[in-house]
Amino acid sequence: MPPQPFDQAGVKEDMMAVATLERDAELMLRVREGDTHSFGLLLERHRVPVIHFLCRMVQNQPVAEELAQEVFLRVYRSRANYEPTAKFTTWLFRIASHLALNWIRDKRHERGQESLDAEVQEGMSRQVQDRGMSAEQSLVRQSKFEEIRRAIDGLPEKQRAAVLMHKYDEMEYSQIASVLECSESAVKSLLFRAYESLRARLAHMA
Amino acid sequence: MLDHKMTCPLQTDNTDILLDYCSRSLDPDRRAMFERHMVHCAECRDTASAQSEIWMAMDAFEAEPVSADFDQKLYARIDRLEHVPVWDKFWAPVRSYLQGQPAWKPVLSVATASAALAVVFFVRTDVMAPQLMPAIDVQEVVEAEKALEDLDMLGQLESESPQSEKETI
């Protein structure tokens, strides 16, 4: 077998990833010992990805932040029993996806899908604001955003969660599988079906 | 060459090659192999092209910035959690478990309604009791006892009377 070229950048990335994982576990172990400053560091590191994931899942910013509060509150409450057996982010996203899936199911039971859509639109309408764009650019962007939002919203919940973790959080299949508590091959299948659905829904945009 | 040996990912359910290709996370060797395969496979070419466009279009779905007071609210909740009464610490997990179980919600409602009805029933029974049961004094009891004795005696008389009649005949 020919010698593989030494991928310095790749190794550096891997080492950084390992360091990040160890750092998360180390911080959480310190939180377990009563170090609240370490909890602040974990919050600083994971606040934005968790909130953005939840925001895209439930498509309502205030609800997403409320659920994210619950995620971090549960992490804090569970600190005494924490053991670094799995990746910290896997645990974090498992809590987040459970909360989001429960919220979506409860909401579906409570209201009809039409009124939910109306609320979601209202909740996300602030999403695309002028950021130094012309009115036309802003409208095009708003329309594109709306199309993508609706297409993602139309996916079954588990597919939606898998796509969001894959696309926006760049998670590996094995990690998505751990979060969603299914096999890696099931995740690959979920993702492929989800992207195919999105492709069908957004065909006019291509 | 590897290109002709590669089996079609769509035919063999190896869709992760397509997913990785579109998300640009396929390693260089496999990427080159898949690109050579796509030259001959129109189905993979079309799928990869369309999914790559979707992948890029999804960048438009930006999330909103996080509220400035997010941490403040969280720490306030943690502070409340730290100072929660002891009895509530025991009740809170049960409550949160039940809240997370939609099947329990109707049962809880029914149980609450039944408990309320039971309380109302007992309270009303206690309140109504003096009205339903008229005040009975000792004299009435004595009279009732006498009446019962009279009835007994009457009964005895009736049972004895045919014999006495026969005796007289």
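Lettering follows sequence order; numbering is per chain, from 1.
- Top candidate by heavy-atom pairs under 4.5 Å with chain A, chosen from Asp59(B), Thr15(B), Asn14(B), is Thr15(B).
- Heavy atoms closer than 4.5 Å to chain A are found in both the backbone and the side chain of Ser67(B).
- Of the two parts of Ser25(B), neither the backbone nor the side chain holds a non-hydrogen atom closer than 4.5 Å to a non-hydrogen atom of chain A.
- Atom CD of residue Gln69(A) and atom CG of residue Asp71(B) lie 8.5 Å apart, to the nearest 0.5 angstrom.
- Looking at Ala64(A), neither its backbone nor its side chain comes within 4.5 Å of chain B, counting heavy atoms on both sides.
- A salt bridge does not link Glu82(B) with Arg77(A): every distance from a Lys NZ or Arg NE/NH1/NH2 to an Asp or Glu carboxylate oxygen is 4.0 Å or more.
- The two residues Val66(B) and Ile51(A) have their closest heavy-atom pair at CG1-CD1, 3.3 Å.
- In this structure, Arg47(A) forms no cation-pi arrangement with Phe70(B), as its terminal cationic atom is not both closer than 6.0 Å to the ring centre and no more than 45° off the ring axis.
- Under 4.0 Å is where a charged nitrogen must lie from a carboxylate oxygen, and between Arg56(A) and Glu64(B) no such pair does.
- Heavy-atom distances place both the backbone and the side chain of Leu73(A) under 4.5 Å from chain B.
- Distance alone, capped at 3.5 Å, is enough to place a donor-acceptor pair between the Lys167(A) side chain and the Trp55(B) backbone.
- There is no contact between Glu172(A) and chain B, counting heavy-atom distances below 4.5 Å.
- Ion pairing between a basic and an acidic side chain is recognised when a charged N comes within 4.0 Å of a carboxylate O; Arg77(B) and Glu70(A) show such pairing.
- Nearest heavy-atom pair, Arg199(A) versus Ala50(B), reported as atom, atom and distance to 0.1 Å: NE-CB, 3.3 Å.
- Looking at Leu10(B), only its side chain comes within 4.5 Å of chain A, counting heavy atoms on both sides.
- Top candidate by heavy-atom pairs under 4.5 Å with chain B, chosen from Tyr173(A), Phe53(A), Phe39(A), is Tyr173(A).
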Exercise for the section: Would you check, one step at a time, whether the test side chain to side chain contact (heavy atoms under 4.5 Å, CB included) holds for Tyr168(A) with Glu62(B)? Expected result: CA-CA 10 Å; Tyr168(A) 300 103; Glu62(B) 291 174 355; over 6 Å; no
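- Contacts between Asp20(B) and chain A at a heavy-atom distance below 4.5 Å involve backbone atoms as well as side-chain atoms.
- Between atom OG1 of residue Thr36(A) and atom OH of residue Tyr75(B) there is a gap of 7.5 Å, rounded to the nearest 0.5 Å.
- For the options Glu170(A), Lys188(A), Glu65(A), Lys144(A), heavy-atom pairs under 4.5 Å to chain B are most numerous at Glu65(A).
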Exercise for the section: Begin with the C-alpha distance, continue with both residues' side-chain angles, and end with the deciding distance and a verdict on side chain to side chain contact (heavy atoms under 4.5 Å, CB included) for Ile78(B) and Phe72(A). Expected result: CA-CA 9 Å; Ile78(B) 288 175; Phe72(A) 287 106; over 6 Å; no
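- Around the CD atom of Glu181(A), the shell of radius 6.0 Å holds more than 12 heavy atoms that belong to other residues, nucleotides or ligands.
- With contacts defined as side-chain heavy-atom distances shorter than 4.5 Å, the pair Leu202(A)/Met58(B) does not qualify.
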Exercise for the section: Determine, stepwise, if the pair Phe61(B) / His52(A) fulfils side chain to side chain contact (heavy atoms under 4.5 Å, CB included). Expected result: CA-CA 10 Å; Phe61(B) 191 23; His52(A) 283 182; over 6 Å; no
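- Side-chain contact between Thr47(B) and Phe192(A): present, with at least one pair of heavy atoms (C-beta onward) separated by less than 4.5 Å.
- Other residues, nucleotides and ligands contribute over 12 non-hydrogen atoms within 6.0 Å of the CD atom of Glu33(A).
- The shortest heavy-atom contact between Leu191(A) and Leu19(B) is CB-CD1, 3.8 Å.
- To the nearest 0.5 Å, the span separating OG on Ser52(B) from OH on Tyr195(A) amounts to 11.0 Å.
- Both the backbone and the side chain of Glu196(A) come within less than 4.5 Å of a heavy atom of chain B.
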